[in-house]
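Worksheet: the structure to be examined is printed underneath.
For the single chain, residues carry numbers from 1 onward in sequence order.
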Amino acid sequence: FEQRIRTAQYVDELVRPKRLPAAPGLDIGFQYRPAASAFSGDYYDLIPLGGRRWGLCIADLSGQFSERIGYLHTFKTTLRITARREQSPARVLTEINREVAAAIADTVDLETFISMAYLVVDLDQATLTYSNGGHEPPVVIPADGKAPVALEPTGLLLGVLSDVAYEEATLSIRAGDTLVLFTDGM
């Protein structure tokens, strides 16, 4: 059991960003505290998309320890490649879902899946475009004091079915707005 924990921590450290890239125009902060000393399955990333556009990902990989480690690399690699190629968060989720579903198709654990929200912040257009695959909805807290807005709806968890088309929505953002992304482990 201790060896599994050490292995999980090592793999976790390899794939989770140690620090997020500088994002001029955005004030980024993150807090990561896994509930246990083993591999938690929680994942986050900030992906430069060119110009003043940024991809934000929050995800939770669920399933047995061995399955999570097996498809974590597929997930991260597919996310980064697809995010840089596709402009649409919905198409990013659709492509990741297709790849992850194929990678975990042979598992006997029906509890293997990924919940994920993927958002694109475009500072030049002052927009936030998002898509969600069964993850807790991110929340926007407007700078003007209006009520927080949960970014709904959510689509199907990733990896459950290979042929799923995800929806996306866009909203305007202003300087001082706060975006909060979190997992169920918060």
Side-chain angles (χ1 to χ4, degrees), residues 12 14-32 41-61 71-101 103 114-159 164-183 186:
D12 212 26
L14 284 176
V15 295
R16 187 176 328 283
K18 292 177 182 39
R19 69 177 83 68
L20 297 175
L26 296 178
D27 184 11
I28 303 286
F30 66 94
Q31 180 76 35
Y32 175 68
D42 294 328
Y43 182 81
Y44 56 88
D45 209 347
L46 175 67
I47 304 165
L49 300 176
R52 294 178 6 118
R53 295 181 68 245
W54 301 92
L56 297 154
C57 169
I58 186 86
D60 189 0
L61 290 75
Y71 63 79
L72 180 59
H73 180 70
T74 299
F75 168 76
K76 180 181 179 180
T77 302
T78 303
L79 168 64
R80 291 183 150 249
I81 291 170
T82 306
R84 289 185 177 114
R85 184 182 68 231
E86 296 288 349
Q87 299 291 312
S88 161
R91 286 196 305 262
V92 170
L93 258 64
T94 299
E95 181 64 25
I96 292 170
N97 177 64
R98 187 176 306 118
E99 293 298 322
V100 169
I114 297 173
S115 70
M116 176 182 163
Y118 179 70
L119 307 90
V120 173
V121 176
D122 186 328
L123 296 176
D124 291 331
Q125 299 295 318
T127 58
L128 173 66
T129 305
Y130 62 93
S131 188
N132 193 332
H135 198 77
E136 291 81 10
V139 176
V140 174
I141 303 168
D144 62 9
K146 291 183 180 174
V149 177
L151 303 182
E152 305 221 29
T154 64
L156 188 65
L157 295 160
L158 281 69
V164 176
Y166 292 88
E167 296 178 13
E168 71 183 31
T170 300
L171 64 114
S172 296
I173 55 174
R174 295 190 322 211
D177 287 352
T178 300
L179 173 64
V180 181
L181 297 99
F182 55 94
T183 68
M186 181 177 167

* Asked: Of the options Asp60, Thr183, Leu61, which is the one that meets Tyr43 in a side chain to side chain contact (heavy atoms under 4.5 Å, CB included)?
  -> Leu61

Looking only at non-hydrogen atoms, find the nearest pair between [X] and [Y] and report the distance.
| X | Y | result |
| --- | --- | --- |
| Pro24 | Leu123 | O-CD1, 3.5 Å |
| Met116 | Cys57 | CE-SG, 3.8 Å |
| Arg53 | Val120 | NH2-CG1, 3.3 Å |
| Ile28 | Ala23 | CG1-CB, 4.3 Å |
| Thr94 | Tyr166 | OG1-N, 3.4 Å |
| Asn97 | Leu158 | OD1-CA, 3.2 Å |

Non-hydrogen side-chain atoms of [X] and [Y] separated by less than 4.5 Å:
| X | Y | result |
| --- | --- | --- |
| Leu26 | Trp54 | yes |
| Pro48 | Arg84 | yes |
| Leu179 | Leu151 | yes |
| Leu56 | Val121 | yes |

Enter the distance from [X]:[atom1] to [Y]:[atom2] here, rounded to the nearest 0.5 Å.
| X | Y | atom1 | atom2 | answer |
| --- | --- | --- | --- | --- |
| Thr127 | Leu171 | OG1 | CG | 8.5 Å |
| Glu99 | Thr82 | CD | OG1 | 7.0 Å |
| Glu152 | Glu136 | CD | CD | 11.0 Å |
| Ile96 | Lys76 | CD1 | NZ | 13.0 Å |
| Ile58 | Leu119 | CD1 | CG | 10.0 Å |

* Flag, side chain of Asp177 to backbone of Pro142, donor-acceptor distance under 3.5 Å ->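 No: the side chain of Asp177 does not pair with the backbone of Pro142.
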
* Does the His135 side chain pair with the main chain of Ile114, one donor and one acceptor, at a distance under 3.5 Å? ->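 Pair absent, no side-chain N/O of His135 close to backbone of Ile114.
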
* Asked: Are side-chain N/O atoms of Asn132 and Tyr130 paired as donor and acceptor at under 3.5 Å?
  ->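 Side chains of Asn132 and Tyr130: no pair found under 3.5 Å.
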
* Residues in salt bridge (Lys or Arg N to Asp or Glu O under 4.0 Å) contact with Glu86, at least two apart in sequence or another chain -> Arg91

Using the test side-chain contact (heavy atoms from CB on, under 4.5 Å), find all partners of [X] that sit at least two apart in sequence or belong to another chain.
| X | answer |
| --- | --- |
| Glu167 | Pro153 |
| Asp27 | none |
| Ala83 | Ile47, Leu49, Tyr118 |
| Glu168 | Ser88, Pro89, Ala90, Thr129, Ser131 |

* Stepwise side chain to side chain contact (heavy atoms under 4.5 Å, CB included) test for Ile141 and Val180 -> CA-CA 8 Å; Ile141 303 168; Val180 181; 4.1 Å; yes

* Asked: Of all residues at least two apart in sequence or in a different chain, which pass the side chain to side chain donor-acceptor pair (under 3.5 Å) check with Thr77?
  -> His73

